[in-house]
**Student:** 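I'd like to ask some things about the structure below.
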Amino acid sequence: MSKLTLIQAVNQALHHEMEKDANVVLLGEDIGRDGGVFRATDGLVERFGPSRVVDTPLSESAIVGTAIGMAAYGLRPVAEIQFMGFLYGAMEQLISHAARLRTRSRGRYTCPLVVRTPYGGGIHAPELHSESTEAFFIHTPGIKVVAPSTPAEAKGLLLSAIRDPDPVLFLEPSRIYRAIKEEVPEDEVLIPLGEARLVAEGEDVTLIAWGAMLHPTLEAAARMLEKGVHTDVIDLRTLSPLDSATILRSVEKTGRAVIVHEAARSCGLGAEIAAEICEKALLSLKAPVLRVTGYDTSVPLPKSENDYFPDCDQIVEAIEQVVQF
Amino acid sequence: MSKLTLIQAVNQALHHEMEKDANVVLLGEDIGRDGGVFRATDGLVERFGPSRVVDTPLSESAIVGTAIGMAAYGLRPVAEIQFMGFLYGAMEQLISHAARLRTRSRGRYTCPLVVRTPYGGGIHAPELHSESTEAFFIHTPGIKVVAPSTPAEAKGLLLSAIRDPDPVLFLEPSRIYRAIKEEVPEDEVLIPLGEARLVAEGEDVTLIAWGAMLHPTLEAAARMLEKGVHTDVIDLRTLSPLDSATILRSVEKTGRAVIVHEAARSCGLGAEIAAEICEKALLSLKAPVLRVTGYDTSVPLPKSENDYFPDCDQIVEAIEQVVQF
Amino acid sequence: MPRRVLEEFKIEWFQLLDEAGKLDAALLPSPDLISEKTVKAFYESMVLIRAFDEKALNLQRSGRLGTYASIQGQEAIQVACAAALQQSDWLFPSFRESGLSILRGNPMKALYLYWAGDERGNLVPEGVNDFPVAIPVGTHIPHAVGAAWAAQHKKDPIAVLTTFGDGATSKGDFHEGLNFAGVFKLPIVFLCQNNQWAISVPLSRQTAAKTLAQKAIAYGFKGIQVDGNDVFGVHVAVKDALDAARRGEGPTFIECLTYRLSDHTTADDASRYRSEEEVSLWRKKDPLLRLRTYMEAEWAWSEFQESALQQAVSERISASVEDFESTNPIDPLGMFDTLFASLSPDLLAQREAFEQRLAKRKKP
Amino acid sequence: MPRRVLEEFKIEWFQLLDEAGKLDAALLPSPDLISEKTVKAFYESMVLIRAFDEKALNLQRSGRLGTYASIQGQEAIQVACAAALQQSDWLFPSFRESGLSILRGNPMKALYLYWAGDERGNLVPEGVNDFPVAIPVGTHIPHAVGAAWAAQHKKDPIAVLTTFGDGATSKGDFHEGLNFAGVFKLPIVFLCQNNQWAISVPLSRQTAAKTLAQKAIAYGFKGIQVDGNDVFGVHVAVKDALDAARRGEGPTFIECLTYRLSDHTTADDASRYRSEEEVSLWRKKDPLLRLRTYMEAEWAWSEFQESALQQAVSERISASVEDFESTNPIDPLGMFDTLFASLSPDLLAQREAFEQRLAKRKKP
Ligand SMILES: Cc1ncc(C[n+]2csc(CCOP(=O)(O)OP(=O)(O)O)c2C)c(N)n1
Ligand SMILES: Cc1ncc(C[n+]2csc(CCOP(=O)(O)OP(=O)(O)O)c2C)c(N)n1
Ligand SMILES: [Mg+2]
Ligand SMILES: [Mg+2]
């Protein structure tokens with residue numbers, strides 16, 4: 001065990017899987033000599049050579065598209081898209097192909113592909129470097145979506161994602177790539193996809209978050225604890241398929257829920273979770289289900305981004321609202 | 001006034017706007033001599049010439065991308081994407097550019113662009129001809145989304161969409177292109193964007209639908225009426241921005257809501273509407289808000305598609321469930 | 001040097017059997033290609049896939065198929081490709097390759113099922129390395145490139161062929177895919193069935209380039225234009241390119257100039273946008289006609305042989321149609337069962353609800 | 001004819017002022033181009049934008065700008081383009097055109113604001129027909145094509161220029177955009193600043209084509225490679241192409257071969273992936289150096305003149321920096337106010353909530 005940042009944990013997971021399975025290949029822009037713009041692939045081309053760690057031309061659609069062909073042929077490609085905002089150029093490949101290959105071929109061909117991409121804001125970068133449009137992909141049948149919130153989580157989930165027999169979009173919260181250090185097991189500790197994690201327990205309110213937003217949520221939970229309000233904090237980790245059982249179990253206990261995400265509010269994942277709760281746990285509810293989210297605007301440039309993203313104060317306010325309802 | 005089908009109403013609206021405003025130009029695949037694969041643009045190239053009704057190469061991204069440039073330059077482009085399933089190739093242009101041009105340029109450039117596309121299933125066509133992924137675009141700040149449900153609605157909404165100063169995605173329910181004939185005013189009757197329509201009134205349950213799904217919903221409403229259950233039926237027409245006031249007003253009255261859409265369930269627009277209701281009208285609710293939707297699978301090929309889409313029976317069942325709750 | 005030529009390029013045209021059915025034997029790489037056995041096999045294949053196509057149009061007219069995309073006029077290309085490919089090679093077709101699919105080993109019954117809107121028709125049998133039909137034009141090209149890349153990576157001695165139409169050359173994915181193939185020198189052949197129309201859009205509206213073959217120049221590899229109605233010419237070009245690919249010499253782009261004799265699909269009415277003169281001009285260049293003329297001259301191919309062949313083919317087709325029509329209705333639950341390797345609890349619940357709904361429907 | 005050449009293409013290299021600062025006067029279209037006035041103006045512009053850039057790098061190091069993309073090494077192209085463009089022409093830049101932007105009439109203060117992460121920096125003044133910086137590589141090309149199309153439609157006597165890097169040529173939107181321009185014969189010039197690197201990816205990994213210029217062949221129009229460090233060569237090539245565009249002769253693709261002397265951006269460390277030798281080789285080809293050498297030879301441009309110019313420029317830069325630094329903080333509510341022409345009730349409510357949140361923050 002050693003203390004690693006999230007980006008180091010990603011690097012270690014890639015290292016581990018490439019060591020273990022010769023079919024794992026990486027492709028993307030600047031992932032070779034440069035080691036990735038965030039250094040996620042640092043040292044990998046030196047270790048595994050340029051035919052397994054491949055710098056590609058600047059073509060997001062072909063990065064995903066060729067990875068689909070590789071996966072169908074029998075490799076385990078892990079594609080990096082430099083920022084989530086550049087994934088939009090590959091949407092047709094993801095939606096019309098990666099997510100459908102198994103169905104289209106009646107199971108003859110599968111697509112064990114991972115698309116890794118940094119997501120979310122807070123790194124003071126130019127436009128389209130702060131996207132968190134996970135909802136697009138949650139609304140896309142046939143693809144899984146994962147978003148780790150800590151270094152150890154990142155490693156365990158990425159290992160599972162690479163071994164998953166179906167396409168997985170792996171969203172790495174760039175804001176906390178280096179913000180947290182945590183003990184990460186040297187060995188492989190797989191975290192199964194599809195299972196949320198209860199990070200804190202309490203009977204008053206259920207808080208639901210994922211990725212970077214888990215941290216202000218935990219901070220808010222801590223502040224509420226001082227005021228005597230006890231919260232369940234759920235780290236979703238897999239966003240699709242959703243672990244509704246864990247969510248519903250908690251809300252049935254607490255009767256109150258606050259969902260936190262960076263993404264724009266309308267049709268974000270928060271809506272799906274709130275809708276599920278209101279359908280399946282209505283009678284348990286003691287207060288409206290609140291969403292603390294980004295606004296329905298584009299993420300502003302760095303000078304205003306901190307005003308844009310949900311923060312601890314807002315989460316605290318929402319918790320107080322549901323408690324006092 | 002004459003009785004028109006929805007596709008004829010679209011054609012008439014295009015005709016009307018092109019006659020009125022020389023800056024309106026149409027572009028897309030097969031919209032010229034062929035008149036569009038559904039004949040939406042029938043007769044327009046003969047009337048307005050090939051420089052205003054332009055057959056383009058097979059390039060969805062460039063159709064939207066060049067239309068953005070045209071719009072910024074001062075034209076009013078109306079782009080046709082042959083089927084919604086081919087819009088995915090233009091997502092980057094829509095999300096990263098059309099939706100952001102006004103913001104990115106601090107208001108200097110605007111993007112009065114309409115992207116028309118047939119959407120939804122039920123026409124026994126090959127894969128990707130049955131998509132209804134409106135939620136992607138509702139989750140995209142900076143773009144409006146409209147889906148008419150009848151011929152007259154189509155005309156009035158399309159006129160408004162073309163005159164709107166911002167980008168509008170105009171989703172035409174191909175299943176009912178020719179299914180209904182209705183009196184459509186010869187003149188221009190503009191239907192403002194952003195306002196839902198109350199199609200039927202009743203105090204027991206609120207039904208919410210749009211596009212082709214309005215019709216099985218109305219059928220279900222009629223069947224429930226026979227059983228003495230009175231429903232408000234809301235035709236959303238503009239999906240983004242959402243007319244939540246109309247929805248909430250109705251649910252505050254009825255205390256029960258059923259939302260119907262063809263799109264996959266997870267993170268569909270139904271989720272957003274349910275979440276809004278549960279946040280803002282919780283205390284009015286007498287039953288869970290139910291969603292009758294497509295499954296979280298790809299839309300199957302024609303032999304199974306009728307099994308896939310929501311139908312009147314399912315809607316009736318959901319209404320009965322909320323009434324009996 | 002202030003002004004100088006950096007590079008020069010040539011785009012060539014290639015044809016072995018001309019419009020009149022005359023062969024230029026000087027260009028033949030080997031006499032085997034025109035052995036009576038080979039040529040007859042080519043012709044039989046052409047007749048078979050033409051008959052398949054005619055039956056499909058019939059079935060569609062009587063409501064037993066959905067929308068169908070005819071291959072008429074493009075049979076020479078498809079027969080030539082099938083003959084040039086090895087069993088272990090991979091094929092990534094678009095949607096107008098029913099003939100090629102059949103010759104690769106996909107049962108005709110499966111093709112009828114597919115065009116009838118039955119997902120089971122997309123199940124390619126084990127041992128046939130073909131991707132299923134993909135409807136979004138041009139977007140399958142990167143998959144072919146990825147498979148070629150994987151083969152190169154695994155040092156498998158195979159080549160990949162991907163086929164598409166003239167319209168597909170305008171899509172971004174065509175560009176990105178070919179560019180990758182060039183950069184990584186992949187074992188792949190790009191074959192464009194340039195039938196001069198993309199639904200109603202003529203070639204001149206698809207590109208300002210005089211040939212599509214010259215698009216290969218942008219990617220640093222060879223492009224050639226071949227007479228797509230000449231089965232020998234296409235066969236030699238494709239075989240050479242596949243062999244070069246297998247030898248590690250990288251990709252080739254082959255433009256086959258041909259013509260779509262039918263409507264775009266059965267949902268289309270081509271008379272809206274193109275002249276009967278143009279079509280009848282190309283009817284005279286029908287690839288079947290051309291090869292038959294050659295066989296008549298070379299081996300006195302007779303009316304009698306022709307009708308025996310037609311008879312045999314028509315029996316095969318009838319048997320397939322019978323198979324197709326006696327297939328049990330599809331179980332719609334399949335759409336859940338090929339979605340993921342295993343279903344999440346929520347998806348299982350959706351599947352169960354679906355099952356109940358289907359059961360209820362059956363009742364009355 | 002069975003085998004024949006359909007088409008032949010040539011890709012040419014063009015240069016007026018060579019590495020040693022020697023001019024090939026025979027290729028000059030007009031002596032005006034090298035009048036002392038013009039040349040000095042070119043040089044002054046180059047010095048100005050170099051100084052702007054150096055200051056930006058400084059400001060970034062001291063934390064007053066965010067990520068910044070340096071233009072060093074590419075000044076000749078930007079000065080040449082600015083001079084070739086008319087005021088009424090439209091420009092669609094990518095993100096490495098700060099110099100060109102300044103010369104088009106965008107205030108330096110605005111550029112500093114933009115790179116400091118302040119949206120107001122993207123507001124192009126009225127009368128300057130430039131699109132704002134677009135970060136997604138290559139995807140602005142179709143916008144330029146669309147504007148050219150609109151201009152053609154409206155019969156406006158203007159041309160459009162769009163600029164991008166070598167990496168951008170791999171994107172699907174490059175392909176789709178250029179193809180449209182060819183088909184519709186639009187008044188547009190595509191200018192690639194081929195600085196041989198896309199972050200860490202060298203040109204050889206971007207394409208197997210020997211030149212980028214030859215990509216134009218795919219679209220049926222002319223492509224040419226120009227020495228991008230030669231302000232005269234680029235100017236002549238761009239002006240010719242813009243003039244041709246305005247005359248209705250359609251598009252041109254110009255590849256300017258140059259080199260990115262700095263890191264990709266201030267967030268990059270180029271020493272990880274390229275050698276100091278390569279960089280220093282290109283430092284010797286610095287476009288400023290080359291033009292200064294020419295002026296020294298031609299008009300005995302002196303140390304004194306040089307330092308007077310540097311002094312003047314540095315004062316202009318300082319004034320802009322002062323302006324920039326004394327700008328009031330941005331009002332984040334602006335993000336709502338430029339979202340739509342008018343806000344829906346729900347968006348108004350979000351705006352109000354945001355306002356309250358900002359007010360609360362200010363309080364303590
Ligand atoms: C991305 C995409 N856009 C549009 C369509 C609708 N469409 C189907 S086939 C076709 C024309 C294809 O032309 P071409 O590539 O020449 O192939 P051909 O039909 O001639 O074989 C079009 C526009 C589609 N299937 N996919
Ligand atoms: C679509 C897209 N993919 C990736 C990036 C990240 N990125 C920014 S600049 C760049 C390299 C661009 O190279 P080039 O086009 O040669 O321009 P240069 O930076 O050399 O001026 C990359 C990969 C991006 N901005 N947009
Ligand atoms: Mg075609
Ligand atoms: Mg570059």
Side-chain angles (χ1 to χ4, degrees), chain A residues 60-61 85-96 99-100 103-104 127-128 131 133-142 240-242 259 263-283 285 287-291 294-300 325, chain B residues 60-61 85-96 99-100 103-104 127-128 131 133-142 240-242 259 263-283 285 287-291 294-300 325:
Chain A
E60 281 73 16
S61 192
F86 308 135
L87 191 55
Y88 304 148
M91 293 283 268
E92 184 158 35
Q93 285 297 339
L94 275 172
I95 300 171
S96 303
R100 282 171 205 249
T103 292
R104 179 183 294 144
E127 61 160 2
L128 289 156
E131 302 289 295
T133 41
E134 59 268 19
F136 291 162
F137 305 95
I138 300 168
H139 191 51
T140 301
S240 181
L242 199 60
I259 307 152
R265 177 181 176 90
S266 288
C267 277
L269 176 53
E272 178 60 35
I273 297 171
E276 272 292 287
I277 294 174
C278 292
E279 178 179 336
K280 310 253 171 76
L282 182 70
L283 296 184
L285 282 184
V289 177
L290 294 190
R291 293 180 276 165
Y295 302 99
D296 285 319
T297 68
S298 294
V299 179
F325 185 77
Chain B
E60 281 74 15
S61 192
F86 308 134
L87 191 55
Y88 304 147
M91 293 284 270
E92 184 158 35
Q93 286 297 338
L94 276 172
I95 301 171
S96 304
R100 285 172 202 249
T103 293
R104 178 182 296 143
E127 60 160 0
L128 289 155
E131 301 291 295
T133 41
E134 59 268 20
F136 292 161
F137 306 96
I138 300 167
H139 190 54
T140 301
S240 180
L242 199 60
I259 307 152
R265 178 182 175 87
S266 288
C267 276
L269 175 52
E272 178 60 34
I273 296 171
E276 272 293 286
I277 293 174
C278 292
E279 177 177 339
K280 311 252 171 76
L282 183 70
L283 295 183
L285 281 184
V289 176
L290 293 190
R291 293 180 275 164
Y295 302 99
D296 284 319
T297 67
S298 294
V299 179
F325 185 79

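Every value quoted in this text rests on a predicted model; they were computed, and no experiment measured them. Numbered from 1 within each chain, the chains take letters A, B, ... in sequence-line order.
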**Student:** So which part of A/Glu127 gets closer than 4.5 Å to some heavy atom of chain B, the side chain, the backbone, both or neither?
**Tutor:**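 Contact with chain B involves the side chain of A/Glu127 alone.
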**Student:** For A/Ile138, is it the side chain, the backbone, both, or neither that has a heavy atom closer than 4.5 Å to a heavy atom of chain B?
**Tutor:**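 It is both, since atoms from each part get that close.
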**Student:** Which atoms of B/Leu269 come close to chain A, meaning under 4.5 Å heavy atom to heavy atom: side chain ones, backbone ones, both, or neither?
**Tutor:**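 Both backbone and side chain of B/Leu269 come within 4.5 Å of chain A.
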**Student:** Checking heavy atoms, do the side chain of B/Leu283, its backbone, both or neither come under 4.5 Å from chain A?
**Tutor:**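 For B/Leu283, side-chain heavy atoms alone lie under 4.5 Å from chain A.
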**Student:** Using heavy-atom distances under 4.5 Å, tell me whether A/Leu285 contacts chain B through its side chain, its backbone, both, or neither.
**Tutor:**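 Interface part for A/Leu285: side chain.
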**Student:** Pick one of side chain, backbone, both or neither for A/Ala281, based on which atoms fall under 4.5 Å of a heavy atom in chain B.
**Tutor:**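 For A/Ala281, there is no contact with chain B at all, as no heavy atom is under 4.5 Å.
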**Student:** Quick one: NE2 on A/His139 to NE2 on B/His139, what's the gap to the nearest 0.5 Å?
**Tutor:**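 A/His139 atom NE2 to B/His139 atom NE2 measures 11.0 Å (nearest 0.5 Å).
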**Student:** What part of A/Ile259 gets closer than 4.5 Å to chain B, counting heavy atoms only: side chain, backbone, both or neither?
**Tutor:**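 The answer is neither part of A/Ile259.
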**Student:** Between A/Pro141, A/Ala274, A/Gly89, A/Cys267, which residue shows the highest count of heavy-atom pairs closer than 4.5 Å to chain B?
**Tutor:**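 Ranked by heavy-atom pairs under 4.5 Å with chain B, first place is A/Cys267.
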**Student:** Name the option with the most non-hydrogen atom pairs under 4.5 Å to chain A; the candidates are B/Lys280, B/Gln93, B/Met91, B/Glu92.
**Tutor:**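 It is B/Glu92.
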**Student:** What part of A/Arg104 lies closer than 4.5 angstrom to a heavy atom of chain B: side chain, backbone, both or neither?
**Tutor:**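 It is the side chain, since no backbone atom gets that close.
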**Student:** List in chain and number order the residues that pass salt bridge (Lys or Arg N to Asp or Glu O under 4.0 Å) with B/Glu134, two or more places apart in sequence or in another chain; answer none if no residue qualifies.
**Tutor:**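 Salt bridge (Lys or Arg N to Asp or Glu O under 4.0 Å) check on B/Glu134 returns nothing, list empty.
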**Student:** Could you pull out all residues at least two apart from B/Arg100 that satisfy salt bridge (Lys or Arg N to Asp or Glu O under 4.0 Å)?
**Tutor:**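 Checked B/Arg100 against salt bridge (Lys or Arg N to Asp or Glu O under 4.0 Å); matches are A/Glu131.
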